[in-house]
Amino acid sequence: TGLGDVFLCLVKIEQNSDHFIKAQEYYQKVIQEYTDWYRGYSSMSSLELNKGNDLAAIEYGLKSNNLKETALVYRNLVIAYQHIGEFEKSLDAMGMAYTLDNNMFSEKYMMYSVALSYFNLKKYDLAVNTLATLVQNRPEIKNEKNYKKILEHMKKEIKNDPNYAKLSE
């Protein structure tokens, strides 16, 4: 932990702020000074993901995991791969995240990406079950805007599928 972690927390609120720029600068220095320490790469992966730079998030995430595998980095990879349409890689990363930390099935953004990856691979039952697992682990998710948006999108696209009934539950 340190100044960079404080910046990383602030970034979630103010992505285009000076805090974001300072966090990037901080972790770039960490990477330059400690090239064999996973944390700088891991943090840059998170920053880039928050910024919407999925390819950079993947690049930093892979470098981090080459040094030390962490569930957080695999979570970033799940989301970034899903964003760029690499659905199989997204699901592979999910498996690794879960192997390292079985609480990852409660992490909503990762689980949204997992559900959407399954959905895009036409594995509707797994997509639905992923959302059901998320709601089981975190019932409050059912009232969130993103959850409802994903669910409605899935309902619209697969209403003729036999698994459609599961979406109504």
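Since we're looking at a predicted model, the values are computed, not measured. Only heavy atoms go into these numbers, but all of them, side chains included; no hydrogens, no water, no symmetry mates.
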Rounded to the nearest 0.5 angstrom, the CD-OG1 distance for Gln136 and Thr133 is 6.0 Å

Smallest heavy-atom separation, Thr130 atom then Ala115 atom, equals CG2-N, 3.8 Å

Open item on the list: Would the distance check show the side chain of Glu107 and the main-chain N or O of Tyr109 forming a donor-acceptor pair, the cut-off being under 3.5 Å?
Closed with: yes

Rounded to the nearest 0.5 Å, the CD atom of Glu48 sits from the CG atom of Leu55 at a distance of 10.5 Å

Between the CG atom in Asn76 and the CG atom in Leu47, the distance rounded to the nearest 0.5 Å is 9.5 Å

Is it the case that one hydrophobic cluster holds both Leu134 and Phe119, taking links as side-chain heavy atoms less than 4.5 Å apart, direct or via other members? yes

**Asked** Does the distance from a Lys or Arg side-chain N to an Asp or Glu carboxylate O, for Glu59 and Lys63, drop under 4.0 Å?
**Response** yes

| query | Is a side-chain N or O of Ser45 found less than 3.5 angstrom from the main chain of Ala57, in a donor-acceptor match? | reply | yes

Handout entry: Cluster check Met44, Val30: I/L/V/M/F/W/Y, side chain < 4.5 angstrom
Key = yes

List the steps and the verdict of side-chain contact (heavy atoms from CB on, under 4.5 Å) for Met104 and Met94.
-> CA-CA 8 Å; Met104 293 305 288; Met94 179 270 301; over 6 Å; no

I'd like to check Tyr147 versus Val135 (side-chain heavy atoms, cut-off strictly below 4.5 Å). Are they in contact?
yes

Next on the checklist: Please check this pair: side chain of Tyr41 against backbone of Tyr27, looking for a donor-acceptor N/O pair closer than 3.5 Å.
Outcome noted: no

N/O donor-acceptor pairs under 3.5 Å from side chains in residues 81-92, not counting sequence neighbours:
| from | atom 1 | to | atom 2 | distance (Å) |
| --- | --- | --- | --- | --- |
| Gln82 | OE1 | Ser113 | OG | 3.2 |
| His83 | ND1 | Asp54 | OD1 | 3.0 |
| His83 | ND1 | Asp54 | OD2 | 3.4 |
| Ser90 | OG | Val78 | O | 2.8 |
| Ser90 | OG | Ser117 | OG | 3.2 |

Handout entry: CA sep, side-chain torsions, deciding dist, call: Val73, Thr70, side-chain contact (heavy atoms from CB on, under 4.5 Å)
Key = CA-CA 5 Å; Val73 170; Thr70 65; 3.2 Å; yes

Find out if a path of hydrophobic residues (ILVMFWY) with successive side-chain heavy-atom gaps under 4.5 Å connects Leu151 to Leu121. yes

Run the ring-centre check on Tyr118 versus Tyr124 and record whether the distance is less than 6.0 Å. no

>> Does any part of the side chain of Leu49, heavy atoms only, come nearer than 4.5 Å to the side chain of Arg75, both counted from C-beta?
In response: yes

(Q) Closer than 4.0 angstrom, basic N to acidic O: yes or no for Glu152 and Lys149? (A) no

* To do: Give the intermediate values and the outcome of side-chain contact (heavy atoms from CB on, under 4.5 Å) for residues Lys123 and Val128.
  => CA-CA 9 Å; Lys123 296 179 179 181; Val128 171; over 6 Å; no

Between Gly61 and Leu77, the two heavy atoms sitting closest are CA-CD2, 4.4 Å

Does Tyr38 share a hydrophobic cluster with Tyr74, counting links as ILVMFWY side-chain heavy atoms below 4.5 Å and allowing steps through other members?
no

| request: Test side-chain contact (heavy atoms from CB on, under 4.5 Å) on Tyr60 and Ile31 and set out the steps. | output: CA-CA 10 Å; Tyr60 284 114; Ile31 288 170; 3.8 Å; yes

When rounded to the nearest 0.5 Å, the distance separating OH of Tyr112 from CD1 of Ile79 is 11.0 Å

On a heavy-atom basis, the closest approach of Leu131 and Met154 is CD1-SD, 3.6 Å

Group every Ile, Leu, Val, Met, Phe, Trp and Tyr by side-chain heavy-atom contacts under 4.5 Å, then state whether Val114 and Ile141 land in the same group. yes

Donor-acceptor contact below 3.5 Å, side chain Arg138 vs main chain Ser106: yes

Rounded to the nearest 0.5 angstrom, the CG-NZ distance for Asn143 and Lys148 is 5.5 Å

Residues passing the ring-ring contact (aromatic ring centres under 6.0 Å, His included) test with Tyr98, sequence neighbours excluded, are Phe105

